[in-house]
Amino acid sequence: MIKNIMMNLKKTIPLICAALSFFMITSCQKEQIVQKPNVLLICVDDLRPELKSFGAKYISSPNIDALAEKGIKFQKHFVNAPSCGPSRYTLLTGQYGHYGNNALFLRAKKIKNGKEETKQSMPEWFKAHGYTTVSVGKVSHHPGGRGGKNWNDSTKIEMPNAWDRHLMPVAEWQHPRGMMHGLANGEIRVTRGGMDVFQTVEGNDNIYPDGAIADEALKQLRELASNNEKPYFLAVGIIKPHLPFGAPKTYYDRYDGVDLPEIKHPQKPKGRTTWHGSGEFMKYNRWGKNPNKDVDFANDVRRHYAACVSYADAQVGKVLAELKRTGADKNTIVVLWGDHGWHLGEHSVWGKHSLFEESLHSPLIIHYPGMEQSGSNTDAVVETLDLFPTLCDLTGIDKPNYIQGESLKDILVNPNTDGHTAIAYTNKASTIRTETHRMTLHKDGYVELYDHTTEEKETKNIAEEYPELVEELKVKLRSRLNLK
């Protein structure tokens with residue numbers, strides 16, 4: 001009898017082991033399925049594609065370039081508005097919106113009034129799908145996402161229901177408004193004319209506001225990475241290279257003696273365009289100098305902008321290094337996005353706010369674990385509106401039916417995949433960018449048409465020569481923006 005029992009055990013034990021193994025394997029598989037990827041969204045203010053990975057050979061941007069070597073670089077990414085507020089509206093809602101910097105506050109007012117349906121924003125959508133959502137720094141238009149005189153009134157929320165935590169360290173700059181335009185060691189802008197347009201000061205990264213933002217981002221990243229129960233959506237907003245151009249001297253020193261590239265088409269455009277007089281830039285203290293008339297001053301402005309890019313790059317590097325140190329990089333999608341471009345003398349403009357290429361063209365890099373096309377470029381035309389559906393696809397959550405962009409997942413899999421037209425707008429005009437042309441339609445019907453396959457690019461208006469193309473692009477533009 002004992003012999004029979006032993007023989008039965010010998011037959012049964014392998015079956016029990018096999019069943020346990022199968023249970024453990026399937027349990028792990030189930031856990032992997034529900035373990036959604038984290039999202040790290042890094043927003044950089046006023047960052048044109050002035051990066052080595054985007055062809056600016058003289059720029060020192062090692063940390064963003066290292067991310068670019070791991071991800072896909074979108075060389076033809078265009079924002080939907082040439083200003084901080086409306087551009088971030090499209091990023092965070094996936095919809096076209098108001099042209100003003102108060103676009104998100106107008107949306108918040110609609111939510112508060114409750115008289116019309118307001119669709120969930122991207123962070124709110126991710127929150128509803130089980131994500132912990134955190135913002136640090138300038139993610140929406142106001143750093144920290146609050147209104148009021150000093151942008152710190154917790155009764156005036158820029159994005160209701162979006163963030164579990166929306167944080168803005170202020171250090172010695174007193175409040176978020178002080179941080180936004182702060183210079184070294186706590187200097188706050190009272191008036192533009194009373195603040196220097198650029199500055200270089202000896203010291204470490206924390207003598208300027210972004211040092212404190214980066215420190216808080218690292219703190220949040222450590223906390224989020226230590227919680228394995230929920231995935232996170234962490235958005236970090238770096239302020240520089242926004243005006244005024246201030247950065248620690250070590251970053252400015254990188255450009256000592258460096259030859260700057262020639263400014264392309266620096267003349268004020270002939271005829272009617274969306275050109276403007278660089279009001280934001282010109283109102284700062286410029287010591288009586290005009291970069292359109294003083295080459296040495298223009299080059300000094302450009303070097304200070306470059307120093308701010310390198311300073312911003314260093315803050316990005318700290319965040320990416322901490323992501324790797326925590327081990328969370330193995331399951332985190334990383335997006336680096338510039339909220340719009342910036343003229344450095346092109347068309348005789350210093351700033352954004354036009355509908356020229358320089359105002360609308362900004363860097364976009366996307367990396368996710370296991371991607372097969374690491375380090376690739378794509379020349380597909382895409383727009384900021386596309387990021388919401390793309391992140392839904394990459395994380396495996398449902399896409400809402402109201403978002404107006406297109407997922408970039410197919411381009412990430414095959415960078416040779418075609419893109420689509422890109423739309424942008426101001427209060428006075430709207431524009432459409434194809435692979436070869438840009439057409440800008442003013443509200444009174446006046447048209448600009450430029451051929452990007454020629455040397456002239458956006459210096460020669462050819463609208464009268466190509467009426468059929470103008471009409472075709474008008475139809476597409478009006479359809480996209482629901483214009484009559």
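Only this structure's heavy atoms are used, side chains among them; waters, hydrogens and symmetry mates stay out.
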Taking atom [atom1] of [X] and atom [atom2] of [Y], what is their separation to the nearest 0.5 Å?
X: Leu40; Y: Leu234; atom1: CG; atom2: CG; result: 5.5 Å
X: Phe74; Y: Trp337; atom1: CZ; atom2: CH2; result: 15.0 Å
X: Met159; Y: Gln120; atom1: CE; atom2: CD; result: 11.0 Å
X: Tyr368; Y: Asn331; atom1: OH; atom2: CG; result: 13.5 Å
X: His343; Y: Ser354; atom1: NE2; atom2: OG; result: 3.0 Å

Do [X] side-chain atoms and [Y] backbone N/O form a donor-acceptor pair below 3.5 Å?
X: His175; Y: Lys149; value: no
X: Thr390; Y: Ser407; value: no
X: Arg146; Y: Gly144; value: yes
X: Glu346; Y: Leu344; value: yes
X: His340; Y: Leu360; value: no
X: Glu383; Y: Ile423; value: yes
X: Thr118; Y: Lys110; value: no
X: Lys73; Y: Gly375; value: yes
X: Thr326; Y: Leu323; value: yes
X: Glu158; Y: His141; value: yes

### Task
Check Asp46, Val197, Val301 against Phe245 for a side chain to side chain contact (heavy atoms under 4.5 Å, CB included) and give me the one that passes.
Val301
#### Entry: Val79, Thr384, Asn80 screened by side chain to side chain contact (heavy atoms under 4.5 Å, CB included) with Leu91, the one that passes
Thr384
### salt bridge (charged side-chain N to carboxylate O under 4.0 Å, His left out) involving Asp339 - partner list, sequence neighbours excluded
Arg88
### Summary
By salt bridge (charged side-chain N to carboxylate O under 4.0 Å, His left out), Lys474 pairs with (sequence neighbours left out) Glu471
Tell me whether the centres of the aromatic rings in [X] and [Y] are closer together than 6.0 Å.
X: His304; Y: Phe198; value: yes
X: Tyr232; Y: Trp163; value: no
X: Tyr131; Y: Phe233; value: no
X: His242; Y: His181; value: yes
X: Phe105; Y: His142; value: yes
X: Tyr99; Y: Tyr425; value: no
X: His347; Y: His265; value: yes

Using a strict 4.0 Å threshold on nitrogen-to-oxygen distance, state whether [X] and [Y] make a salt bridge.
X: Glu435; Y: Lys76; answer: no
X: Lys318; Y: Asp205; answer: yes
X: Glu322; Y: Arg222; answer: yes
X: Asp451; Y: Lys457; answer: no
X: Glu458; Y: Arg438; answer: yes
X: Glu357; Y: Arg433; answer: yes
X: Lys138; Y: Asp45; answer: yes
X: Lys476; Y: Glu472; answer: yes

### Query
Given Asp65 and Ser61, is the side-chain hydrogen bond (donor to acceptor under 3.5 Å, both in side chains) satisfied, shown in steps?
CA-CA 6 Å; Asp65 297 338; Ser61 50; 3.0 Å; yes
### Message
Quick one, Leu473 and Thr434 - any side-chain contact, counting heavy atoms below 4.5 Å?
### Response
yes
### Task
Apply side-chain hydrogen bond (donor to acceptor under 3.5 Å, both in side chains) to the pair Arg480 and Thr421, showing each step before the final yes or no.
CA-CA 10 Å; Arg480 293 279 300 278; Thr421 56; 2.8 Å; yes
### Task
Indicate whether the side chain of His420 and that of Asp386 have a donor and an acceptor atom separated by less than 3.5 Å.
yes
### Task
Would you kindly say whether Tyr208 and Gln199 are connected by a side-chain donor-acceptor distance under 3.5 Å?
yes
### Task
For Pro176 and Trp151, work out which heavy atoms get closest and say how close.
CG-O, 3.3 Å
### Message
Check this for me: Lys219, atom NZ, are more than 12 non-hydrogen atoms of other residues, nucleotides or ligands nearer than 6.0 Å?
### Response
no
